[in-house]
Amino acid sequence: MMEVDDKGDEPVESGDDDDLEQEKFNRMQSLKAAVHYFVGRICEDECKEGNLGVTVSKQTIATLTEMVFGYTETLALDLEAFAKHAKRSTIQMEDVRLCTRRNEDLHALLTQKMQEMVAEGEERKQKRRKPNKEGKDDTKKDPKGGAKKDKAGGGKKEVAKDK
């Protein structure tokens, strides 16, 4: 896009700002199209499963799409605010759970899923620890709290502390 300078006679390139705005607009349109497609598929699938002989109008799908897209934008802003409030730059599961606090059923379901994920993670950690020949866990803690692996023997080795 060409613009005119302050004097009104020299054309000036407006450049990258317009390109970035257009790219952002195109990306949002692509996302909205994808959301619209999946909202339509969900409605279609639910109507088939319900065997009620109903269909969902195109206007209803468009309205649902706008609602889902708007809610997602609000959710993203809330998640960012929760992470910033906790002085973090990364959104965590606790932030997502906090967003569900007004929907008791969803909050309980998400809390349960989070607890299951933590339990599964602990189980995986336990399975990774292999006992030594005497049947004891030979994992030793280094000064930083982690375990050091003995490169030669493949087992764990205690790290000497300098005093």
Side-chain angles (χ1 to χ4, degrees), residues 20-21 23-52 54-56 58 60-163:
L20 290 174
E21 286 297 318
E23 185 178 320
K24 183 178 179 181
F25 176 78
N26 291 342
R27 196 171 343 117
M28 292 299 275
Q29 290 303 106
S30 293
L31 287 172
K32 274 191 178 182
V35 169
H36 182 82
Y37 172 78
F38 284 105
V39 165
R41 290 293 307 264
I42 291 168
C43 289
E44 198 176 285
D45 292 348
E46 290 299 315
C47 287
K48 284 180 185 175
E49 285 181 24
N51 293 325
L52 297 175
V54 296
T55 58
V56 179
K58 290 181 180 181
T60 302
I61 292 172
T63 302
L64 287 171
T65 298
E66 289 300 319
M67 289 174 59
V68 167
F69 206 80
Y71 179 73
T72 304
E73 288 177 324
T74 302
L75 184 63
L77 293 172
D78 287 348
L79 290 169
E80 183 180 12
F82 293 148
K84 282 185 178 180
H85 179 74
K87 295 179 176 70
R88 289 185 273 106
S89 60
T90 303
I91 295 170
Q92 296 179 350
M93 285 297 297
E94 185 59 34
D95 301 321
V96 177
R97 193 174 75 85
L98 192 56
C99 283
T100 66
R101 69 193 181 281
R102 291 191 182 108
N103 183 335
E104 291 178 14
D105 293 335
L106 183 58
H107 188 75
L109 178 66
L110 191 57
T111 300
Q112 177 187 352
K113 290 293 182 186
M114 286 175 61
Q115 290 169 346
E116 289 172 8
M117 289 171 64
V118 168
E120 288 173 7
E122 290 298 320
E123 286 177 21
R124 273 190 244 120
K125 283 181 185 177
Q126 292 297 327
K127 286 180 182 178
R128 280 188 278 191
R129 291 186 186 151
K130 295 182 181 176
N132 63 15
K133 292 178 185 176
E134 292 85 35
K136 296 179 183 175
D137 185 1
D138 63 347
T139 303
K140 305 291 182 189
K141 300 287 180 184
D142 74 2
K144 295 179 183 173
K148 286 283 188 171
K149 192 172 189 177
D150 179 10
K151 292 180 183 177
K156 307 282 180 177
K157 182 179 180 180
E158 186 172 346
V159 177
K161 294 181 185 179
D162 292 330
K163 293 186 180 182

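Scope of the values below: all heavy atoms of this structure, side chains included, with no hydrogens, waters or symmetry mates.
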Problem set entry | Summary of side chain to side chain donor-acceptor pair (under 3.5 Å) pairs that have at least one residue in residues 96-110, sequence neighbours excluded |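 Qualifying pairs: Glu94-Arg97, Arg97-His107, Arg97-Thr111, Thr100-His107.
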
Results of side-chain contact (heavy atoms from CB on, under 4.5 Å) for [X] - residues two or more places apart only:
X	value
Ala83	Arg88, Ile91, Asp95
Val35	Val39, Thr65, Val68, Phe69
Tyr71	Leu75
Glu66	Lys32

For this session: Give, for atom OG1 of Thr55 and atom CD of Glu44, the distance between the pair rounded to the nearest 0.5 Å.
Result: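 Between atom OG1 of Thr55 and atom CD of Glu44 there are 10.5 Å.
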
Exercise. What's the spacing between Glu46 CD and Arg41 CZ if we round to 0.5 Å?
Worked result: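 Rounded to the nearest 0.5 Å, the CD-CZ separation comes to 12.0 Å.
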
For this session: Please list, chain by chain and in numerical order, all residues satisfying side-chain hydrogen bond (donor to acceptor under 3.5 Å, both in side chains) with Asp45, sequence neighbours excluded.
Result: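 Here no residue qualifies.
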
For this session: Would you please name every residue forming a side-chain hydrogen bond (donor to acceptor under 3.5 Å, both in side chains) with Thr60, sequence neighbours left out?
Result: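 Thr60 satisfies side-chain hydrogen bond (donor to acceptor under 3.5 Å, both in side chains) with Ser57 only.
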
Problem set entry | Contact list for residues 72-83, test salt bridge (charged side-chain N to carboxylate O under 4.0 Å, His left out), sequence neighbours left out |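 Checked against salt bridge (charged side-chain N to carboxylate O under 4.0 Å, His left out) - neighbours excluded - the pairs reaching residues 72-83 are Glu80-Lys84.
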
Exercise. Does Leu110 reach the side chain of Met93, with side-chain heavy atoms less than 4.5 Å apart?
Worked result: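 The answer is yes; the side chains approach within 4.5 Å.
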
Side-chain atoms of residues 115-122: list all donor-acceptor pairs with protein atoms under 3.5 Å, sequence neighbours left out, distances to 0.1 Å.
{"from": "Glu116", "atom 1": "OE2", "to": "Gln112", "atom 2": "NE2", "distance (Å)": "3.1"}

